[in-house]
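To start, the structure itself, in structure tokens.
We count ligands from 1, going down the list as the structure has it; atoms in each ligand are counted the same way.
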Amino acid sequence: MINLKNKLQNIPIDYSWSFADKTIKDTSYITHGYYTYPAKFIPQLASRLINEYSKEGDIIIDPFMGSGTTVVEAIINNRIGIGTDINEIAYLVAKVKTTTIDIANISQEFNNIEFSLQDRLNGNYDRFLEKANKLVPENDRIAYWFLPKQKEKLLIIFARILEIKEDNIRNFFLIGFAQILKSCSIWLQKSVKPTRDQNKKLVDPLTIFINQSKKMIKKHSDFERILNYEIKQHIDKYRIVECNDSRKLPCDDNKASLIVTSPPYVTSYEYADLHQLPSLWFGYLRELAEFRKKFIGSAYKSKNKIELNSSLAEKIVTQLGENKKGREVRNYFADMIESFIEMKRTLKKGGKACIVIGNTQFQGVEIMNAEVFQEQFKNIGFKTYNVIHREIPSKMLPSTRDTKTGQFVKVNDKNLKLAYPTEYILIMEKI
Ligand SMILES: C[S@@+](CC[C@H](N)C(=O)[O-])C[C@H]1O[C@@H](n2cnc3c(N)ncnc32)[C@H](O)[C@@H]1O
């Protein structure tokens, strides 16, 4: 077995990057809390990087924007925010979170929806149900996740949202709807992974949809209040979000000043699975297997051209061996280098790429993502500007590594010596 040394772990932890004192309220200000997006980073982290490494008017990109944290922070800090994500749900969330809408119009529409839903859901809703049934794509998995009565009520709400004529307002309520789906389903509430809980206590869909909408309207008016007037008036010029691959950024060559992103991890999450509830309702997911393949880090794809551009990556892949895991990790590093080359194309000379990434373990092999990325960046024309080692504070129980699988697991034995997991912020400069 080749002994691979993780050099970055010797960098002292900089606790000022943990933001351990931040509460959920702090991290969900303005539009940040609209949708619970797995693996989202906290806005304070994106904001600090943007303020330290760019100036007003600069272009900031997040090629793996997820729920749009970087893009929101870019525009409220008077920058231009650009983002892509391959996941349609992420795209819709990011778009709604960064779209300016007349608050009086949303409130008016909300009153109309609330009134008609009270009427439809409390009366005899069979005639609405028939129409609503036609709007949701046929998929057995809806019945797998939702009990029949819950599904009917959700159908009525969903159909009413689709009646809204103005796109931005309809999308706004669709995100509110997406956010309540998990609570209304039998998906184990505290798990991000798709697990059923047959004993789950069910909530009334209308009540939580109304509450969620009210919360979002209030937050949207906070967002519009702090947005610079010029940006607010010409939002489409200042924020560009696309549902696209990170290797096709909507930005001309040598124009961006900064990239702030947290890339997907190799198979640590199947992103496609995590978002399946709204994807099912919105018709984004016909064939789960096909849907999964688009995601970097998915175990469900195969690649022909395999150029890793990193000797460390080659060693890690060799250690894993010629098996499924080895191929997955190889595909992952190959996809990532392509994404870094695209980042380089858009960045100006001297521009910085801030990559938030932690290491993982498979079959006892440490997958040193941070060090591999650093080497890949260097090999394509970047130098290391700084590496920050940060602790990821957990509001729940701390984690430790399972000695067999190497995965982080939650523990509650106070006698164990525990460490919070840490990750790195690589700050690479284009030379
Ligand atoms: C760690 S998450 C980013 C979360 C984000 N920082 C936030 O605050 O919400 C990584 C994202 O990469 C996206 N992704 C995976 N493969 C992609 C690809 N080929 N192109 C663009 N995005 C991709 C996933 O959909 C996921 O949203």
Original post:
Measuring from Lys219:NZ to Thr31:OG1, what's the distance to the nearest 0.5 Å?
Top reply: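 Lys219 atom NZ to Thr31 atom OG1 measures 9.5 Å (nearest 0.5 Å).
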**OP:** Quick one: pull up CD in Gln233 and OH in Tyr238 and give me the separation to the nearest 0.5 Å.
**Re:**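 If I round to the nearest 0.5 Å, the distance is 11.0 Å.
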Subject >> Pairs meeting criterion ring-ring contact (aromatic ring centres under 6.0 Å, His included) with involvement of residues 49-101, two or more places apart >> reply: Tyr53-Tyr385
Looking at ligand 1, would [X] count as a contact under a 4.0 Å heavy-atom criterion?
X	value
Ala46	no
Ala90	no
Arg247	yes

**OP:** Return each pair, listed once, that meets salt bridge (Lys or Arg N to Asp or Glu O under 4.0 Å) where at least one residue sits in residues 174-184; pairs must be two or more places apart or across chains.
**Re:**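 Qualifying pairs: none.
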**OP:** Using distance alone, decide if ligand 1 has a nitrogen or oxygen within less than 3.5 Å of any nitrogen or oxygen in Ser262.
**Re:**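 Such a contact does occur with ligand 1.
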Original post:
So, is Pro264 polar-close to ligand 1, with some N/O to N/O distance under 3.5 Å?
Top reply: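 Such a contact does not occur with ligand 1.
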Original post:
Just by distance, with hydrogens left out, do Ser16 and Arg48 show a side-chain donor and acceptor under 3.5 Å apart?
Top reply: yes
Considering the heavy atoms of [X], write down every atom of ligand 1 situated less than 4.0 Å from one of them.
X	value
Met65	5 (C), 7 (C), 9 (O)
Tyr37	9 (O), 25 (O), 26 (C), 27 (O)
Ala39	1 (C), 4 (C)

Subject >> Check ion pair Lys237-Glu230 (N to O, under 4.0 angstrom) >> reply: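 Result for this pair is yes, salt bridge flagged.
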Subject >> Proximity of Pro263 to ligand 1 by residue part, where a heavy atom lies under 4.0 Å >> reply: backbone
**OP:** Flag yes if more than 12 heavy atoms outside Asp253 fall under 6.0 Å of its CG atom; otherwise flag no.
**Re:**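 Counting neighbours around CG of Asp253, more than 12 heavy atoms of other residues, nucleotides or ligands fall under 6.0 Å, so yes.
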Subject >> Closest to atom 19 (N) of ligand 1 (judged by heavy-atom distance), picking from Asn87, Asn244, Asp245, Thr69 >> reply: Asp245
